[in-house]
Participant: 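Handing you a structure now.
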Amino acid sequence: MIFDISGSAKFVEADEIQAARHEAINAMQSLVDDYERGENWLGWLSIAADIRPTIDKIEKSASLLRNDCEAVVMCGIGGSYLGARAVIEALKPQFGAAEPEILYVGNSLAQDYIIEMSNHLKGKRFGIVCISKSGTTLETAVAFRVFRTQMEQELGKEYAAKHIICITDLEKGALHDIAQMNGYEMFEVPNNIGGRYSVLSAVGLLPIAVAGYDIRQLIAGAFDFYRPHRGVEACGEIIDYVALRNILYRKGKKIELFVDFDPRLRFFGEWWKQLFGESEGKDGKGLFPASVSYTTDLHSLGQYVQQGERHLFETIISVERGKYEMEVPRTKDDLDKLNRYSWYTIGYINSMAEKGVRMAHVDGGVPNIRIAIPQINEYHLGQLIYFFELACAVSGKMLGVNPFDQPGVEAYKANIKKLL
């Protein structure tokens with residue numbers, strides 16, 4: 001991983017960086033001290049090591065669904081599905097049907113979407129993975145009831161008992177009770193890990209394994225970036241990122257744009273938004289996290305980013321090489337004047353687009369932070385996940401908020417219950 005803050009150099013002073021780094025180091029040390037004292041919600045710090053004894057069981061259960069099912073329905077919302085989907089969408093082929101087909105539901109209450117998915121599954125052997133600590137989150141509970149009922153009616157209760165897996169609290173809760181009553185296999189939503197930090201637990205690993213990806217490599221990438229146990233001084237990139245984003249926030253840069261130049265990372269941006277939005281957005285504080293995909297969004301938001309209100313900065317995820325290479329073809333007529341680029345690969349042109357965008361935005365008053373990975377694979381996605389989880393927790397500490405609760409989420413839920 002390459003961490004480059006040159007795109008922010010002209011916007012901050014050396015003494016500001018030094019002071020903010022000192023704050024970030026203290027915040028990280030506080031986080032590590034909390035973990036060592038056994039404080040709640042910090043199990044994710046060591047999950048890359050702690051989950052290893054469970055990997056065999058996860059892979060075995062995932063293999064059953066992969067081999068028996070034409071489609072697998074993932075029921076979950078927020079942290080219960082975004083991390084897994086981020087990894088799956090980044091790794092899956094962009095065209096052609098996946099085997100098994102992975103479908104996502106329980107993340108909205110859109111009736112037509114649910115009905116069309118139900119119709120799509122008729123006549124198919126499908127499995128269900130339901131992810132909910134309580135089992136009473138409305139969006140997920142409604143979807144699980146719909147598709148569990150459909151499975152029992154079309155494929156039978158005996159089939160359902162073997163092809164429904166619940167990831168939930170192992171001691172209590174509605175989903176726990178449903179699973180126990182019906183003989184569904186259960187995996188744990190760890191009590192000491194919040195949903196948005198749970199992708200490296202069974203919450204994320206089981207769906208990723210069902211989709212056919214190497215969860216051992218995902219964990220290996222995270223483990224190699226698990227640096228707090230080596231001491232805070234080993235976490236230089238994280239300290240720099242936390243320090244810089246907090247300096248920019250204090251200077252009026254209230255929006256952080258997560259930028260990719262590869263659409264495979266679109267859902268990684270969705271996961272990142274939830275991670276930072278729920279962790280920092282409280283007590284009237286916090287950067288607003290948004291995500292864009294360039295160069296596509298340069299033709300919709302590019303004008304605003306270049307010349308609109310100067311209240312944002314960019315965190316750019318750069319992928320140094322793809323799986324394939326293609327050069328721009330030469331043509332005899334050359335009416336589009338592209339023959340001059342015919343010895344370039346499209347990937348190289350994309351990298352020059354990224355460089356040009358960074359230069360233009362810095363000139364326009366938009367700082368950027370660049371994080372480069374060699375390629376999109378399980379190992380490097382595992383690194384990115386752990387990097388952002390740790391950075392988010394430290395940044396929340398530095399901001400003076402609790403990065404592990406989300407009390408504001410309950411407001412809309414209470415209103416729905418009243419209205420119903």
Side-chain angles (χ1 to χ4, degrees), residues 1-36 42 44-49 197 199-200 218-251 253 256-260 265 268 272 275-276 279-280 287 289 313-320 354 358 362 367-377 379-400 403:
M1 180 185 291
I2 298 171
F3 187 77
D4 178 7
I5 60 173
S6 61
S8 297
K10 65 183 283 187
F11 300 93
V12 296
E13 301 294 333
D15 58 339
E16 291 178 310
I17 294 178
Q18 185 175 358
R21 287 190 89 257
H22 183 69
E23 285 184 70
I25 288 168
N26 288 338
M28 179 171 284
Q29 189 60 60
S30 173
L31 186 76
V32 172
D33 291 344
D34 287 347
Y35 172 77
E36 291 176 351
L42 291 172
W44 56 272
L45 266 172
S46 59
I47 190 65
Y197 292 88
V199 61
L200 298 174
L218 190 76
I219 290 296
F223 186 80
D224 287 351
F225 219 82
Y226 168 47
R227 299 179 183 177
H229 70 299
R230 302 183 214 163
V232 171
E233 64 278 1
C235 303
E237 306 101 321
I238 295 167
I239 295 298
D240 287 343
Y241 175 57
V242 170
L244 188 52
R245 68 193 299 274
N246 276 275
I247 293 171
L248 294 171
Y249 174 65
R250 293 166 187 174
K251 286 176 171 283
K253 304 296 186 183
E256 182 175 8
L257 289 181
F258 176 97
V259 179
D260 71 71
L265 292 174
F268 200 96
W272 177 90
L275 177 67
F276 280 90
S279 296
E280 291 190 319
L287 282 154
F313 69 94
E314 297 169 313
T315 294
I316 298 170
I317 304 301
S318 180
V319 181
E320 295 188 312
E354 179 195 316
R358 293 177 63 219
V362 168
N368 66 65
I369 301 165
R370 178 175 176 263
I371 300 170
I373 58 173
Q375 61 185 133
I376 296 175
N377 60 24
Y379 180 85
H380 292 110
L381 290 173
Q383 282 192 316
L384 275 181
I385 287 166
Y386 196 87
F387 174 90
F388 281 120
E389 286 182 346
L390 187 52
C392 183
V394 174
S395 191
K397 281 259 186 185
M398 187 169 166
L399 190 63

Participant: How many angstroms lie between atom OG of S30 and atom CD1 of I25, to the nearest 0.5 angstrom?
Facilitator: 13.5 Å
Participant: Do N26 and K397 make a side-chain contact, defined as non-hydrogen atoms from C-beta onward lying under 4.5 Å apart?
Facilitator: no
Participant: Heavy atoms, side chains only, cut-off 4.5 Å: are Y249 and M398 in contact?
Facilitator: no
Participant: With under 30° as parallel and over 60° as perpendicular, where do the rings of Y241 and F388 fit, or are they tilted in between?
Facilitator: perpendicular
Participant: Determine the minimum heavy-atom distance between S318 and E354, stating which atoms define it.
Facilitator: OG-OE1, 2.9 Å
Participant: Restricting to non-hydrogen atoms, name the atom on A243 and the atom on A24 that form the minimum distance, rounded to 0.1 Å.
Facilitator: N-CB, 4.4 Å
Participant: Provide the closest heavy-atom pair for Y35 versus S46 in the form atom of the first, atom of the second, distance.
Facilitator: OH-OG, 2.7 Å
Participant: Rounded to the nearest 0.5 Å, what's the gap from CD1 on I376 to CG on L265? Could you check?
Facilitator: 4.0 Å
Participant: Find out whether V12 and K251 are in side-chain contact, i.e. whether some heavy atom of one side chain is under 4.5 Å from a heavy atom of the other.
Facilitator: yes
Participant: Taking the basic N atoms (NZ, or NE/NH1/NH2) and the acidic carboxylate oxygens, is any pair closer than 4.0 Å for R250 and E16?
Facilitator: no
Participant: Evaluate the side-chain proximity of E237 to F387: yes if any heavy-atom separation is below 4.5 Å, no if none is.
Facilitator: yes
Participant: Is there a side-chain contact between L384 and F268 in this structure, where contact means two heavy atoms from C-beta onward sitting under 4.5 Å apart?
Facilitator: yes
Participant: Shortest non-hydrogen contact from G7 to R358?
Facilitator: N-NH2, 4.2 Å
Participant: Within a strict 4.5 Å, meaning less than it, do heavy atoms of the F225 and E389 side chains meet?
Facilitator: no
Participant: Quick one: closest heavy-atom pair of P374 and V319, and the distance?
Facilitator: O-CG1, 4.3 Å
Participant: Would you compute the distance between atom CD1 of I373 and atom CD of Q383 and round it to the nearest 0.5 angstrom?
Facilitator: 8.5 Å
Participant: Using a 4.5 Å cut-off on heavy atoms from C-beta on, say whether the side chain of Y197 contacts that of P403.
Facilitator: yes
Participant: Find the distance between NE2 (H380) and CE (M1) and round it off to the nearest 0.5 Å.
Facilitator: 8.0 Å
Participant: Could you check whether any side-chain heavy atom of E280 comes within less than 4.5 Å of a side-chain heavy atom of E256, counting everything from C-beta outward?
Facilitator: no
Participant: Let's go through R245 and L287 carefully: what are the C-alpha distance in whole Å and the side-chain angles of both, what is the deciding distance for side chain to side chain contact (heavy atoms under 4.5 Å, CB included) to 0.1 Å, and is it a yes or a no?
Facilitator: CA-CA 9 Å; R245 68 193 299 274; L287 282 154; 3.4 Å; yes
Participant: Quick check for you: to the nearest 0.5 Å, what is the distance between W44 atom CH2 and I385 atom CD1?
Facilitator: 13.0 Å
Participant: Can you measure from CZ (R370) to CD1 (I5) and round to the nearest 0.5 angstrom?
Facilitator: 13.5 Å
Participant: Would you check if the side chain of Y386 reaches a backbone N or O of L45 as a donor-acceptor pair within less than 3.5 Å?
Facilitator: yes
Participant: Which pair of non-hydrogen atoms, one from A393 and one from L31, has the smallest distance, and what is that distance?
Facilitator: CB-CD2, 3.9 Å
Participant: Test I47 against every option in L200, L42, V199 by the side-chain contact (heavy atoms from CB on, under 4.5 Å) rule and name the one that passes.
Facilitator: L200
